[in-house]
**Q** 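Starting off with a structure, shown below.
Convention: sequence-line order gives letters A, B, ...; per-chain numbering from 1.
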There are 2 protein chains.
Amino acid sequence: MGVHLNKINEFIDSLDEEVTEALTVVSDVKTFKKGDYLLRDGETCKKSYFIQEGTARKFYINDGKEITTEIYFPDDLAISFSSYVGQHPGREFIQALTDIKVSVTDYIVFAALKTKYSVLTELDLLLTEHYALWLEERLFELHTLNATQRYELLLSRDPQIIKNIPLTYIASYLSISLETLSRIRAKR
Amino acid sequence: MGVHLNKINEFIDSLDEEVTEALTVVSDVKTFKKGDYLLRDGETCKKSYFIQEGTARKFYINDGKEITTEIYFPDDLAISFSSYVGQHPGREFIQALTDIKVSVTDYIVFAALKTKYSVLTELDLLLTEHYALWLEERLFELHTLNATQRYELLLSRDPQIIKNIPLTYIASYLSISLETLSRIRAKR
DNA sequence: GTGTTTATTTGACTTAGGTCAAATGCCTGT
DNA sequence: ACAGGCATTTGACCTAAGTCAAATAAACAC
């Protein structure tokens, strides 16, 4: 993961002035209040949100229960992937967990920019690869680690997560019930 | 899924003669015998394998047990994704389940071709998007469906899978123990 | 600050699916 | 056709984690 993120950063640093400038021009900085929805169930994800400040989450509802699938921190890119790449309505919500500041880029505008600067297709590829690697890793961890190990791993990667994020979201993100996670925590 | 696959096929059909020709030139048709390994644990995945005939699987070993993560049919592209994109040693095996015929393309050669024909970067992006969508779907199904539902879903998508693929691999692919899958089958 | 809502913990009980072991069925090579 | 080795089934038992319900604790609004 880390390796690939470095790749992405190096790649962005290597973009020439003109492309960087063009990207800045088409992106708007916006703010959302805690609890606000950036995207709802049934909508098409027409924008990407690059988180500058604050935290957010992505979730879907199954059987009346919210399943949190991703937790965003600064420098993360928040989109509902399937809705975004297919430009069709999706089942995911994106919600601010604190007041947040994001840089917003329109799908269509970015697509146009890719045809003008093909280096942006390479960037898109790197970002998509990064997401696929993240998904693979998540699948691997869910297969091979038990509830306690998944929680410990999350803590070791992101020690500050427990301070800021409500336990329900963390539990759901780890595919653990709230009660089980609470018991795991009681034992440390 | 289907939607995106159509996109990929349309895209490939729209490639111009020169690019298609160049792709053909750099790819070798090879055959493997049932049981042969196309890739092993600890090796770097330096080639992509486009399955033309037969079936194969990808797996890793955890705790001494084989976990099958993908089953390949004709027209599928077999790679160990993380090893391939990072060009570093990986933990996955790819193994022929029958005698197979594949079209083999070298990572480096394809990378070079992408710099020459940037339309191939777009193709790479589409393929990577497709893989990420597939991973998302898999994660979703593992979260929301129980063992029986996962098996029924697999059957409905791929009715011929039970005829050809040993049950152990199917069970592992569905994250079900062999015994539980056998009991599920006994009940229909 | 006080009451009200929301988050977290704790307890008692249930369950889907796993594990271990043995039996049976079914290929494959000679 | 038959022996030996895989593949699948069946049985008995176990366990990690889920569910439901009630008790605290923490956060928030007024």
**Q** Tell me: CD of B:Q149 to C1' of C:dA16, nearest whole Å?
**A**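 Interatomic distance, CD of B:Q149 to C1' of C:dA16: 12 Å.
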
**Q** For the helix from C:dG1-D:dC30 to C:dT30-D:dA1, figure out the bend between the end axes, five pairs an end, and round to 10 degrees.
**A**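 Comparing the first five pairs with the last five, the axes sit 60° apart.
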
**Q** Quickly work out the B:K187 NZ to C:dG17 C1' distance and round it to whole Å.
**A**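 B:K187 atom NZ is separated from C:dG17 atom C1' by 10 Å.
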
**Q** Nearest-Å distance, CG (A:N164) to P (C:dA7)?
**A**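 Between P of C:dA7 and CG of A:N164: 15 Å.
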
**Q** Could you identify which residues of residues 175-183 of chain A place a heavy atom less than 4.0 Å from some atom of DNA chain D, listed by residue number, or say none?
**A**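 When residues 175-183 of chain A is checked for heavy atoms under 4.0 Å from DNA chain D, the hits, listed by number, are A:S175, A:I176, A:S177, A:E179, A:T180, A:R183.
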
**Q** Quick one: CG on B:L133 to CG on B:L5, what's the gap to the nearest 0.5 Å?
**A**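 Nearest 0.5 Å value for the CG-CG distance: 10.0 Å.
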
**Q** Looking at A:E122 and A:K7, is any side-chain nitrogen of the basic one under 4.0 Å from a carboxylate oxygen of the acidic one?
**A**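 Answer for the salt bridge query: no.
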
**Q** For B:L145 and B:K34, take the nucleotide of DNA chain C holding the closest heavy atom to each; which residue's nucleotide lies nearer the 5' end?
**A**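 By nearest-heavy-atom nucleotide position, the 5'-most residue is B:L145.
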
**Q** Whole-Å distance between D:dA25 P and A:L167 CG?
**A**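 Atom CG in A:L167 sits about 16 Å away from atom P in D:dA25.
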
**Q** Nearest-Å distance, CD1 (B:I170) to C1' (D:dA7)?
**A**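 In whole Å, D:dA7 C1' lies 12 Å from B:I170 CD1.
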
**Q** Looking at every heavy atom in both B:I176 and B:L181, which two are closest together, and how far apart are they?
**A**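 Nearest heavy atoms, B:I176 then B:L181: CG2-N, 3.7 Å.
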
**Q** Nearest whole Å is fine: how far is C:dC20 C1' from B:D63 CG?
**A**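 Checked: the CG to C1' distance equals 16 Å.
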
**Q** Checking B:E53 now: which residues fulfil side-chain contact (heavy atoms from CB on, under 4.5 Å) with it, not counting sequence neighbours?
**A**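 Only B:K101 meet the side-chain contact (heavy atoms from CB on, under 4.5 Å) criterion with B:E53.
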
**Q** Keeping A:S83 on the side-chain end and A:H88 on the backbone end, is there a donor-acceptor pair under 3.5 Å?
**A**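 Such a contact is found between A:S83 side chain and A:H88 backbone.
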
**Q** Using the ring of each side chain (for Trp, its six-membered ring), is A:Y60 parallel, tilted or perpendicular to B:H143, with breaks at 30° and 60°?
**A**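 The rings of A:Y60 and B:H143 stand perpendicular, inter-plane angle above 60°.
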
**Q** On DNA chain D, does the nearest nucleotide to A:I184 precede the nearest nucleotide to B:Y169 from the 5' side, or the other way round? Give the residue.
**A**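 The 5'-side residue here is B:Y169.
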
**Q** Quickly work out the A:N146 CG to C:dG18 P distance and round it to whole Å.
**A**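 After rounding, the gap between these two atoms is 14 Å.
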
**Q** Please state how far atom CZ in B:R185 lies from atom C1' in C:dG17, giving the value in whole angstrom units.
**A**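 These atoms are roughly 18 Å apart.
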
**Q** So does B:K47 pair up with B:D106, basic N to acidic O under 4.0 Å?
**A**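 A salt bridge is present here (some side-chain N lies under 4.0 Å from a carboxylate O).
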
**Q** It should be established whether A:K65 places a side-chain nitrogen or oxygen under 4.0 Å from OP1 or OP2 of nucleotide D:dT19.
**A**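 A:K65 to D:dT19 OP1/OP2: side-chain N or O found under 4.0 Å.
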
**Q** Passes side-chain hydrogen bond (donor to acceptor under 3.5 Å, both in side chains), B:Y84 versus A:E129? Steps please.
**A** CA-CA 11 Å; B:Y84 185 82; A:E129 283 173 354; over 6 Å; no

**Q** Quick one: do the A:S177 and A:T180 side chains pair a donor with an acceptor below 3.5 Å?
**A**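 Note: A:S177 and A:T180 side chains meet the donor-acceptor criterion.
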
